[in-house]
Undergrad: 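Take this structure, written in C-alpha cells, and hold onto it; I'll ask about it next.
Below, read A as the first sequence line, B as the second, and so on, with proteins coming before strands; counting in each chain starts at 1.
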There are 2 protein chains.
Amino acid sequence: MKKKRITLVDLAKELELAASTISRALDNHPGISIETKEKVLKKAEELGFTRNSIASSFKKNKTLTIGVIVPRIDIHFHSLVISGIEEFAYKAGYNVTIFQSRDSLEREKEITKILQNKMSEGVIICLGTETNSYEHFEKLNRMKVPLVFYDRVPTGMEANKIVINDFESAFKATEHLIEIGCKRISHIGGNQSTGIFKARFEGYKAALTKHDFPIDESLIYFTKDLSYEEGALFAEKLVDLVPRPDGVFCSNDYTAVSAIQVFQKKLVKIPEEVAIVGFSNYPISKIIEPHLTTVNDRAFEMGLAAAKLLIGQIEEEEEIIQTEIITIKTELLIRESSSR
Amino acid sequence: MKKKRITLVDLAKELELAASTISRALDNHPGISIETKEKVLKKAEELGFTRNSIASSFKKNKTLTIGVIVPRIDIHFHSLVISGIEEFAYKAGYNVTIFQSRDSLEREKEITKILQNKMSEGVIICLGTETNSYEHFEKLNRMKVPLVFYDRVPTGMEANKIVINDFESAFKATEHLIEIGCKRISHIGGNQSTGIFKARFEGYKAALTKHDFPIDESLIYFTKDLSYEEGALFAEKLVDLVPRPDGVFCSNDYTAVSAIQVFQKKLVKIPEEVAIVGFSNYPISKIIEPHLTTVNDRAFEMGLAAAKLLIGQIEEEEEIIQTEIITIKTELLIRESSSR
DNA sequence: CTGAAAGCGCTTACAG
DNA sequence: CTGAAAGCGCTTACAG
C-alpha cells in the first residue's frame with residue numbers, strides 16, 4: 001500500500017511554529033507553554049498526525065525493542081516465559097520481537113545475524129538443543145548488544161542467565177517421596193547432555209544419598225526428549241520390575257502423566273502403591289487424575305526477570321556491566337499423586 | 001550501554017569509495033564490479049560493520065515488521081497461530097512484534113495507539129473478549145495500516161478475516177455422534193455472545209434437525225469461558241439426567257476432558273455408554289484416556305494464512321485493496337472417545 | 001518560552 | 001561501473 005503521511009513539519013507549517021516546538025510540545029516538555037501544547041495536540045488530532053517513530057528511533061538511536069529467541073513458541077513453558085517478557089517490556093515501553101530457532105543451530109545463527117541490525121536493543125535467548133558453540137552470541141556481545149539467557153543457558157560462557165535451581169528442586173521432590181515413605185524411588189530423566197536435566201538427576205541422587213538410599217541403576221531411565229511416548233515406554237519397564245518401584249520422580253510432566261497412565265492400566269494404585277512426581281507444572285498436571293504433584297518452575301516470573309534484567313542493562317549508562325545469574329525460586333506443588 | 005558503531009561512511013572512507021558505492025555493493029547491486037563488492041564485504045567483516053537497519057528503514061520507509069495482538073500468548077491456540085505467523089513472516093523477511101491485550105479493551109486500545117507509530121507495516125489481531133467496538137481498529141485502517149483478524153473477528157466491519165467454519169465443523173462433529181448411534185446428544189457450549197461459539201451451537205442444532213432429532217434444552221449448557229471447572233460442573237448435571245445422554249459435543253477440549261472424567265467417575269463407560277467429542281485438538285486430547293475425538297482447528301495454518309494475507313497486502317502497490325475472508329478447513333479427528 | 005540549524009546513517013535519482 | 005548530493009522526519013544543543 002502506498003502511504004503519504006502528515007509529518008511534524010507539516011504540522012509546524014500549519015500552526016506557524018518551529019518543528020522543534022512541535023516536537024517538544026508532543027513530548028510534553030516543561031519549557032513549552034500550555035496553550036501551545038494544547039494547540040499542537042488539537043491540530044495533531046485534527047490532521048491525524050502521529051509521530052514517525054522510525055525517524056525518532058533513528059535520531060535518538062533507540063528503538064525500544066527487544067528480541068526474543070526461543071526454540072518454539074508453542075511449547076507451553078516458552079509461551080509463559082514470553083508472556084512474562086511481554087508483560088514487563090510493555091510496562092517499560094518496549095516492544096518484543098520474537099523468533100523461533102526451531103532447535104536448528106543454523107536458523108539460530110541466521111537470527112543472530114538479523115539481530116545485528118540494531119533493530120533490537122537487547123536479546124533474550126533460550127538456546128536450541130543443537131547449540132553447542134556460542135560464537136554467534138559472543139559476536140552480538142562484542143557489538144554491545146546486551147543478552148540474557150534463560151532455561152537452556154550456555155555453559156562456560158560468561159553471560160546473564162535466568163535459571164531455576166534444578167538441583168535443589170529435584171532434591172526436594174525426591175526427598176518428598178522419601179518423606180511419604182517411598183523406599184524404591186525411580187527416575188525418568190531427560191537427555192543428560194542438557195545441563196538442566198543433568199542437574200535434576202544429580203538432585204535426585206543427592207536426596208537418595210542423604211537418606212542412605214542406594215543408587216539403583218535399574219530404576220533410572222533417561223529419555224531423549226522427555227516425550228509422553230518415551231515416558232510410557234520406560235514406565236512399562238518400571239511397572240514390571242520386581243520388586244516394583246513405589247515412587248517415581250520424572251523430569252517433566254509429560255513423562256509423569258504417561259507413568260500415571262501406565263501404572264493405572266496395570267491396576268497399580270496411585271498414590272498408595274506408587275507415588276509420582278513431575279516437573280514444570282504443565283496445565284495437564286491439574287487435569288490428569290490423580291492430579292500430579294509437580295515442581296512449579298514459575299516460567300512467567302522467569303520472563304519478567306529476564307526482561308527486567310535486560311532492560312536494566314540496555315538503559316545502563318556505564319560501558320562495563322557485570323553479568324548476572326538470577327535463580328528463580330521454584331515450589332513443590334503437592335497434589336494427589338503423592339498425597340498419602 | 002553506550003555504543004559507538006562503525007557506519008557506512010566510515011567504511012567508505014576506509015576504502016576510498018563513495019558511500020553510495022558501499023551501499024550498492026552491500027546490496028549486491030548488479031552495477032557494481034565483483035572486485036569492489038568483494039573488497040567491501042571483506043572490509044565490512046574486518047571492521048565488524050553491519051548496516052544500521054533503522055537508518056535504512058527510515059530512508060526506505062519500510063520496517064519489515066508486523067505486529068500481532070492476541071489476548072494471551074500462553075493460550076495454546078494462540079501460541080500455535082503465532083508460531084505460524086512467525087514461520088511465514090520469517091521466510092518473507094519480516095519481523096514479528098507481539099502484544100497481549102489480556103482481554104482488556106483498554107489495553108487493546110493502548111496497543112493500537114502504539115501501532116500507529118509506523119513501526120509495524122501491518123497488524124494481525126485476535127480480538128479480546130471485552131471488545132465490542134472497533135473504532136480503534138478503524139482508525140488504524142484509515143491510516144492505511146493493513147489489518148488481518150483471526151478467530152475472534154469483528155462482526156459488521158469489513159475487514160480481512162481468517163476463520164474456520166465453526167458451523168460446519170460442529171455440524172460434522174454432531175453428525176458423527178449420530179452416525180455412531182447416539183440418540184440423546186448433549187452440548188456444552190461457549191458464551192453465546194461470541195460468534196464462534198454461537199456458530200458451533202448452530203451447527204449442533206442443524207445436525208440434530210437434519211436427522212430428525214428434537215432440540216432438547218435440558219441437554220444444552222452454556223459456559224462462561226469453557227473452562228475445565230465449568231465443564232465439570234455441567235457434566236455433573238448431565239450424568240445424573242434420566243435418561244442419561246449418550247453423546248456429548250463440547251465446544252472445546254477442556255470441557256470435553258472434564259466431561260470424560262466426570263462420566264468415568266460415575267462408572268459410565270466411554271465410548272460405549274456415552275461418546276464425547278471436543279473441539280480444538282489441544283495436546284491433552286491425545287493424552288486423556290480414552291483419547292478424545294476432536295476438531296483440529298489447524299491453528300498453525302491459520303497463522304500462516306494470516307501472515308501471508310497481511311504481507312501480501314503490505315507489498316501490494318495499489319491503494320485500494322479488497323478485504324478477504326479466508327476459511328481454514330478443519331478436520332474431525334476420530335479417536336477412542338467416540339469409536340464404537 | 002520559542003526558533004534556526006545541524007545532523008542521525010542511510011538510499012537513490014541523476015550524472016558521467 | 002562509480003560518485004556527489006539531496007533528503008527521509010525527526011531531535012537537540014545552542015541561542016535568544
Undergrad: Under 3.5 Å, is there a donor on one side chain and an acceptor on the other for A:Y90 and B:E110?
TA: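 A pair is found: one side chain offers a donor N or O, the other an acceptor, under 3.5 Å apart.
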
Undergrad: Closer than 4.0 Å, any side-chain N/O of B:S23 to the OP1 or OP2 of C:dC10?
TA: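 It does not, given that no N or O in the side chain of B:S23 lies less than 4.0 Å from OP1 or OP2 of C:dC10.
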
Undergrad: State whether A:K39 and A:E35 are salt-bridged, where the test is any N-O pair (Lys NZ or Arg NE/NH1/NH2 against Asp/Glu carboxylate O) under 4.0 Å.
TA: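 A:E35 and A:K39: not salt-bridged.
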
Undergrad: Between B:E108 and B:R152 (salt bridge meaning N to carboxylate O under 4.0 Å), is one present in this structure?
TA: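 Not counted as a salt bridge, because no side-chain N and carboxylate O are separated by less than 4.0 Å.
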
Undergrad: Dot-bracket, DNA chain C: Watson-Crick or G-U, under 3.5 angstrom, [ ] crossing, | other strand?
TA: |||.||||||||.|||

Undergrad: Scan B:L17 against the nucleic acid and name what it touches under 4.0 Å (heavy atoms): base, sugar-phosphate only, or nothing.
TA: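 Contact class for B:L17: sugar-phosphate only.
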
Undergrad: Output the rounded distance in Å from CD1 (A:I34) to P (C:dC1).
TA: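 Atom CD1 in A:I34 sits about 8 Å away from atom P in C:dC1.
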
Undergrad: Looking only at side chains, do A:S120 and A:T65 share a donor and an acceptor under 3.5 Å apart?
TA: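 No, no side-chain donor-acceptor contact under 3.5 Å.
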
Undergrad: Let me know the distance between NZ of B:K39 and P of D:dC1, rounded to the nearest Å.
TA: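 About 14 Å, once rounded to whole Å.
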
Undergrad: Within the structure provided, determine whether A:I22 and A:K43 are in side-chain contact (heavy-atom separation under 4.5 Å).
TA: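 Result no, sub-4.5 Å side-chain heavy-atom pair not found.
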
Undergrad: Within this structure, what is the CE-to-P distance between A:M119 and C:dC10, rounded to whole angstrom?
TA: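 It works out to 14 Å between those atoms.
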
Undergrad: So does B:H29 get a backbone contact from the side chain of B:K37, meaning a donor-acceptor N/O pair under 3.5 Å?
TA: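 Side chain of B:K37 to backbone of B:H29, a donor-acceptor pair under 3.5 Å: yes, one is there.
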
Undergrad: Is any side-chain heavy atom of B:T21 closer than 4.5 Å to one of B:I32?
TA: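 Yes. Closest side-chain heavy atoms under 4.5 Å.
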
Undergrad: Quick one: A:R24 CZ to C:dT2 C1', roughly how many Å, whole number?
TA: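 Checked: the CZ to C1' distance equals 7 Å.
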
Undergrad: Write down the distance between CG (A:L11) and P (D:dC10), rounded to a whole number of angstrom.
TA: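 Rounded to whole Å, this separation is 9 Å.
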
Undergrad: D:dT11 P sits how many Å from A:K62 NZ, rounded?
TA: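 A:K62 atom NZ is separated from D:dT11 atom P by 13 Å.
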
Undergrad: How are the rings of B:Y150 and B:F77 set relative to one another: parallel (under 30°), tilted (30 to 60°) or perpendicular (over 60°)?
TA: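 Judged by the thresholds at 30° and 60°, the geometry between B:Y150 and B:F77 is tilted.
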
Undergrad: Should B:F137 and B:I69 count as side-chain neighbours, where that means a heavy-atom distance under 4.5 Å?
TA: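 With C-beta onward as the side chain, the pair touches.
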
Undergrad: Quick one: which protein N/O atoms are closer than 3.5 Å to N/O atoms of nucleotides 5-9 of chain D? Pair and distance per line, please.
TA:
residue	atom	partner	partner atom	Å
D:dG7	N2	B:K59	NZ	3.0
D:dG7	N3	B:K59	NZ	3.2

Undergrad: Once you round it to whole Å, what is the distance between P of C:dC10 and NE2 of B:H29?
TA: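 The answer, rounded to whole Å, is 18 Å.
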
Undergrad: Is the distance from OP1 or OP2 of C:dT2 to the nearest side-chain N or O of A:S33 less than 4.0 Å?
TA: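 For C:dT2, OP1/OP2 do have a side-chain N/O of A:S33 under 4.0 Å.
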
Undergrad: Rounded to the Å, how far apart are A:L64 CG and D:dT11 C1'?
TA: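 Spelled out: CG on A:L64 to C1' on D:dT11 is 14 Å.
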
Undergrad: Within the structure shown, what part of the strands sits under 4.0 Å from A:S53 by heavy-atom distance: base, sugar-phosphate, or nothing?
TA: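 The residue A:S53 makes no contact with any strand.
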
